[in-house]
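Report on the structure given below.
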Number of protein chains: 2
Amino acid sequence: MGGLILSLVEENYIKAIYHLENEVKGDVSTNAISDEVKTKPSSVTDMVQVLAEKDLLIYKKYKGVHLTKKGKSAAMKVIRKHRLWETFLVEKLNFQWDEVHDIAEQLEHIHSDALVDRLDDFLGNPEYDPHGDPIPDAEGNLKSRNKKVLSHIPENEVVICVGVKESGSDFLRYLDKRNINIGTEIKVLGKEFDGSMDLLVNSKPFSVSEQVAGNLYVQPI
Amino acid sequence: MGGLILSLVEENYIKAIYHLENEVKGDVSTNAISDEVKTKPSSVTDMVQVLAEKDLLIYKKYKGVHLTKKGKSAAMKVIRKHRLWETFLVEKLNFQWDEVHDIAEQLEHIHSDALVDRLDDFLGNPEYDPHGDPIPDAEGNLKSRNKKVLSHIPENEVVICVGVKESGSDFLRYLDKRNINIGTEIKVLGKEFDGSMDLLVNSKPFSVSEQVAGNLYVQPI
DNA sequence: AATATTTTTTAGGACTACCTAAATTATATG
DNA sequence: CATATAATTTAGGTAGTCCTAAAAAATATT
């Protein structure tokens with residue numbers, strides 16, 4: 001049941017692979033993983049063999065990797081913890097949403113089912129973390145909402161911001177400075193040749209670059 | 001200032017040595033440390049050399065070890081975190097005081113000064129943890145209170161329970177079952193030949209063994 | 001004080017997770 | 001489709017932390 005204990009490093013690999021599986025079709029490559037966990041590809045080759053041995057993923061030489069059921073479940077547990085802790089840091093300790101990632105990266109590796117369950121209750125069983133990402137329940141189920149990337153929204157549509165794709169500090173602080181938060185209403189006025197978009201945010205006209213528009217998750221009203 | 005980062009293992013050694021220094025006069029022996037951190041003495045010899053190299057302690061071959069100022073300050077930081085997290089677990093997540101030690105042992109190694117400071121504020125800057133142990137402030141200062149061990153209290157004196165010496169689960173559950181908590185008033189009625197004590201607890205007569213009496217910290221009213 | 005016992009250290013490995021450099025396989029290009 | 005390039009793996013090594021067994025030092029006993 002809850003008896004599988006992975007090392008901190010193993011958990012980071014599993015989490016990285018989980019995230020990569022949602023970005024690419026097919027198996028996840030050695031190089032992609034090495035980018036994500038910031039080690040050399042040769043270290044990844046070592047590690048995926050260890051993880052394959054533990055039935056957390058399927059590894060085929062030169063072909064890449066994908067998580068097994070067991071691996072996905074392990075990933076969900078780490079992600080659940082990460083997102084609950086981020087919520088705690090923002091909701092209870094008043095951190096800004098751009099300050100919590102590194103701390104949550106540490107907290108996500110604390111092993112205690114009781115702790116996670118109680119934390120979840122303490123926070124009021126939140127469905128989404130401060131970046132708008134859904135928090136898996138204790139069984140690892142993820143409610144997916146039909147969010148879209150802002151850059152895919154056609155002209156004249158009105159949407160609300162529900163999350164961010166990459167939650168790097170720079171990007172989050174950029175949004176803060178412009179008063180764009182989760183829940184902010186955005187109307188798409190038009191798109192420019194360079195992919196930038198003209199918007200109406202908080203009733204004021206505002207333009208964002210392609211990069212920003214591609215990093216914002218929104219939902220039709 | 002806060003730039004010193006120790007590994008989890010190093011922090012555990014420093015913490016263990018700190019605790020042992022408060023129990024024995026003079027330098028702390030290799031064997032005592034190996035008992036405390038649950039490794040073999042030869043591993044301790046390895047590790048104290050590493051810690052001496054980092055100026056956290058003074059090591060003299062065959063003579064034992066004592067913390068430097070730097071080492072004590074590192075120990076206080078870990079202890080501060082441990083006790084704040086224990087307080088969090090009991091006060092906010094409603095854990096029992098006998099359930100929190102192992103989780104706090106993990107949480108105490110999270111590195112973030114901002115987190116500790118905010119947690120401290122969130123908890124209302126508590127002075128004592130759920131076991132009655134004082135929580136060092138951000139500068140590592142420890143307010144010591146003149147607590148005594150129950151077994152040293154003479155007949156007819158009335159005291160209140162302020163803490164426990166060893167906070168093992170068995171002992172804490174024993175106290176819970178008898179409704180002895182921090183704040184409980186205890187009157188010493190008499191002592192027996194075997195070191196056991198006759199008490200008045202919650203207005204009811206109650207006897208404790210020498211072992212229990214030696215593990216309870218009390219303070220004159 | 002000599003010897004027995006206990007404590008501590010040394011020597012030599014083991015294991016995890018990393019690295020570099022070289023070899024191999026897969027993919028892309030002409 | 002042959003070759004150049006890129007991706008991946010293998011081989012061999014390092015650092016941190018642990019271990020066992022043997023040697024050395026300290027302490028206790030007679």
Side-chain angles (χ1 to χ4, degrees), chain A residues 4-17 20-21 23-67 71 74-75 78 105-106 108-109 111, chain B residues 4-17 20-21 23-67 71 74-75 78 105-106 108-109 111:
Chain A
L4 176 67
I5 301 244
L6 302 181
S7 75
L8 187 149
V9 171
E10 289 170 335
E11 287 192 341
N12 281 338
Y13 272 85
I14 293 294
K15 185 179 55 144
I17 294 163
L20 290 167
E21 280 188 358
E23 280 176 23
V24 295
K25 58 286 135 231
D27 285 4
V28 177
S29 74
T30 299
N31 266 8
I33 299 171
S34 90
D35 262 27
E36 188 87 4
V37 301
K38 274 143 187 73
T39 59
K40 299 293 162 178
S42 53
S43 304
V44 173
T45 302
D46 286 352
M47 199 49 157
V48 294
Q49 285 166 359
V50 170
L51 297 173
E53 195 59 46
K54 296 190 178 185
D55 293 318
L56 293 160
L57 49 77
I58 308 292
Y59 165 59
K60 294 221 193 68
K61 264 196 199 178
Y62 296 101
K63 293 308 179 70
V65 127
H66 64 267
L67 294 180
V78 178
E105 292 267 293
Q106 298 180 64
E108 73 189 5
H109 301 293
H111 293 295
Chain B
L4 176 68
I5 302 240
L6 302 181
S7 76
L8 187 151
V9 172
E10 289 169 336
E11 287 191 341
N12 280 338
Y13 272 86
I14 292 295
K15 186 179 56 143
I17 294 164
L20 290 167
E21 280 187 358
E23 279 176 24
V24 296
K25 59 285 134 230
D27 284 5
V28 177
S29 75
T30 299
N31 267 7
I33 299 170
S34 91
D35 261 25
E36 189 86 5
V37 301
K38 274 142 187 69
T39 59
K40 298 292 162 178
S42 54
S43 303
V44 173
T45 302
D46 286 352
M47 200 47 155
V48 295
Q49 284 165 0
V50 170
L51 297 173
E53 195 58 47
K54 295 190 178 184
D55 293 319
L56 293 161
L57 50 77
I58 307 293
Y59 165 59
K60 293 219 193 68
K61 262 196 202 177
Y62 295 101
K63 293 306 179 73
V65 126
H66 64 267
L67 295 179
V78 178
E105 292 266 294
Q106 298 181 63
E108 74 190 3
H109 301 293
H111 293 294

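Chain naming here is simple, since letters A, B, ... match the order of the sequence lines and numbering starts at 1 in each. In this text the structure is predicted, and so the values were computed from the model without any measurement.
Contact annotation: A:Asn31 reaches the phosphate of D:dT8 (side-chain N/O to OP1 or OP2, under 4.0 Å). Distances shorter than 4.0 Å separate some side-chain N or O of A:Gln49 from OP1 or OP2 on D:dT10. Proximity of A:Tyr59 to the phosphate of D:dT8: no side-chain N or O atom is located under 4.0 Å from OP1 or OP2.
Taking every heavy atom of both residues into account, B:Glu36 and B:Ala16 meet most closely at CG-CB, 3.4 Å. Across every non-hydrogen atom of B:Val65 and B:Glu21, the tightest pair is O-OE2, 4.4 Å. Taking every heavy atom of both residues into account, B:Leu56 and B:Ala74 meet most closely at CD2-CB, 4.3 Å. The heavy-atom pair separating B:Val9 from B:Met47 by the smallest distance is CG1-CE, 3.5 Å. Taking each heavy atom of B:Val37 and B:Asn12 in turn, the nearest pair found is CG1-O, 4.0 Å.
For the pair A:Lys60 NZ and D:dA7 C1', the computed distance is 18 Å after rounding to whole Å. When rounded to the nearest whole Å, the span between CG of B:Asp35 and P of C:dT6 equals 15 Å. Rounding to whole angstrom units, CD of residue B:Glu11 and C1' of D:dG16 are separated by 15 Å.
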Margin query: Treating primed atoms plus P, OP1 and OP2 as sugar-phosphate and everything else as base, which nucleotides of nucleotides 12-26 of chain C get B, S or - for protein heavy atoms under 4.0 Å?
Written below: -----SBBB---BSS
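Between the side chains of B:Thr39 and B:Tyr13, at least one donor N or O sits under 3.5 Å from an acceptor N or O.
Annotation: A:Glu23, atom CD; neighbour count of heavy atoms from other residues, nucleotides and ligands within 6.0 Å is above 12.
Taking a pair as Watson-Crick or G-U wobble with both distances under 3.5 Å, DNA chain C forms stems of 3 or more consecutive pairs at C:1-30 with D:1-30.
A 4.5 Å side-chain heavy-atom check between A:Val48 and A:Ile33 finds at least one atom pair inside the cut-off.
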